[in-house]
K.L.:
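There's a structure below that I have some questions on.
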Amino acid sequence: MSEIGNIPVTTGNDKKRSNPLANVFDELIRFCQARSMFMLHYCTGCGAIELPPAMTSRFDMERLGIQPMVTPRQADILLVTGYVSVKTLKRVILTYEQMQSPKYVIGICSCTVNGGMYWQSYATAKILNEYMPVDVYIAGCMPRPEAVISGLRRLMGNIENGKANGWKDYYQRYDYYLGNQQHLFGDDWQTPTDIIGEANFYDLKGDETCGEHTKILEQHQVPLEPLPMQIKF
Ligand code: SF4
């Protein structure tokens, strides 16, 4: 457990804490988190066409406290709205890793569940859960806005009950996710985010955080150089 002064803060592990006030505090935080979520406005496949009706006046996800956000740094939910090509998946993973924890992923459309009608395609990633942790799937080709709202409500309930723990799984089993990413993108795949450092920070580094795939990453990793500043007179 980490503490700031005498104030207990939420930590990565799910253990009930001895101080009952701290547990009440955790529940209050989860209640607030579930009711004020920003959704990253990043559309992938054709299922994205059902999002505008879910967001606007007819179905209106804003009444649930969910609003679109244009930057991953300030977003809590990543909606993957349909199939992801191999090229797009790289951007989706980069985006996911830039989001602050706790963060949640919703896979919309059958294409995110098992490849959908593109299951034979050479260009798409089939099972999203193999590359990043998915908290809720909403199946359909494409799902109706009612189903999207229902999925969002399911996620809210899971957050409140402390069951939406995909982001923790990414830190705890990073070697598994990285291995699948390397399988698709090649061994020289790297992102600028230090996931192992973050796992340490959240007290979530487990036996499966590092392994054979993180070793490959270390071998290939090229430190990012700051861009040279050029001032022309
Ligand atoms: S499930 Fe259907 S609507 Fe959704 S991305 Fe796949 S093909 Fe498009």
Side-chain angles (χ1 to χ4, degrees), residues 34 37-72 74-99 103-159 163-167 169-170 176-186 189 191:
M37 288 193 285
F38 283 117
M39 173 196 81
L40 186 70
H41 206 177
Y42 182 84
C43 301
T44 55
C46 33
I49 205 73
E50 290 297 340
L51 271 194
M55 282 158 56
T56 47
S57 55
R58 179 148 188 180
F59 294 97
D60 187 18
M61 64 169 69
E62 204 171 321
R63 69 199 152 93
L64 306 176
I66 299 169
Q67 288 196 357
M69 175 53 64
V70 289
T71 163
Q74 294 169 15
D76 308 291
I77 341 172
L78 176 63
L79 269 61
V80 182
T81 50
Y83 62 84
V84 275
S85 67
V86 176
K87 277 185 183 174
T88 307
L89 185 62
K90 285 184 181 177
R91 275 77 185 170
V92 170
I93 292 168
L94 276 169
T95 307
Y96 176 71
E97 290 190 359
Q98 282 182 68
M99 291 166 67
K103 52 192 172 184
Y104 312 99
V105 179
I106 300 184
I108 296 183
C109 281
S110 303
C111 283
T112 58
V113 180
N114 58 11
M117 70 160 78
Y118 298 112
W119 65 277
Q120 273 185 317
S121 166
Y122 66 91
T124 57
K126 309 295 181 291
I127 305 172
L128 186 62
N129 210 16
E130 288 180 346
Y131 307 97
M132 56 173 42
V134 179
D135 293 284
V136 173
Y137 274 120
I138 304 170
C141 179
M142 49 202 55
R144 295 260 319 147
E146 293 97 325
V148 176
I149 297 285
S150 165
L152 289 166
R153 294 187 77 104
R154 169 71 64 90
L155 177 66
M156 288 169 71
N158 287 352
I159 294 171
K163 289 182 187 159
N165 292 324
W167 64 279
D169 191 57
Y170 195 65
Y176 165 78
Y177 290 108
L178 180 64
N180 290 334
Q181 293 166 13
Q182 285 171 346
H183 182 68
L184 210 56
F185 308 142
W189 162 249
T191 62

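The figures that follow rest on heavy atoms only: side chains count, while hydrogens, waters and symmetry mates do not. As the structure lists them, so they are numbered: ligands from 1, and atoms in each ligand from 1.
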K.L.:
With rounding to the nearest 0.5 angstrom, report the NZ to CH2 distance, Lys126 to Trp119.
P.N.:
9.5 Å
K.L.:
Can you find a heavy atom in the side chain of Ile106 that is under 4.5 Å from one in the side chain of Leu155?
P.N.:
yes
K.L.:
Side chains of Arg153 and Asn158, heavy atoms from C-beta outward: is any pair under 4.5 Å?
P.N.:
no
K.L.:
Check atom 4 (Fe) of ligand 1 and write out every protein N, O or S atom at under 2.8 Å, as residue and atom.
P.N.:
Cys109 SG
K.L.:
What is the minimum heavy-atom distance between Met117 and Cys111, and which atoms define it?
P.N.:
N-SG, 4.2 Å
K.L.:
Any luck finding a side-chain donor-acceptor pair between Gln181 and Trp189 under 3.5 Å?
P.N.:
yes
K.L.:
Compute the centroid of each ring, for Tyr131 and then for Tyr177, and state whether the two points are separated by less than 6.0 Å.
P.N.:
no
K.L.:
Only heavy atoms of Tyr118, strictly under 4.0 Å: list the atoms of ligand 1 that pass.
P.N.:
7 (S)
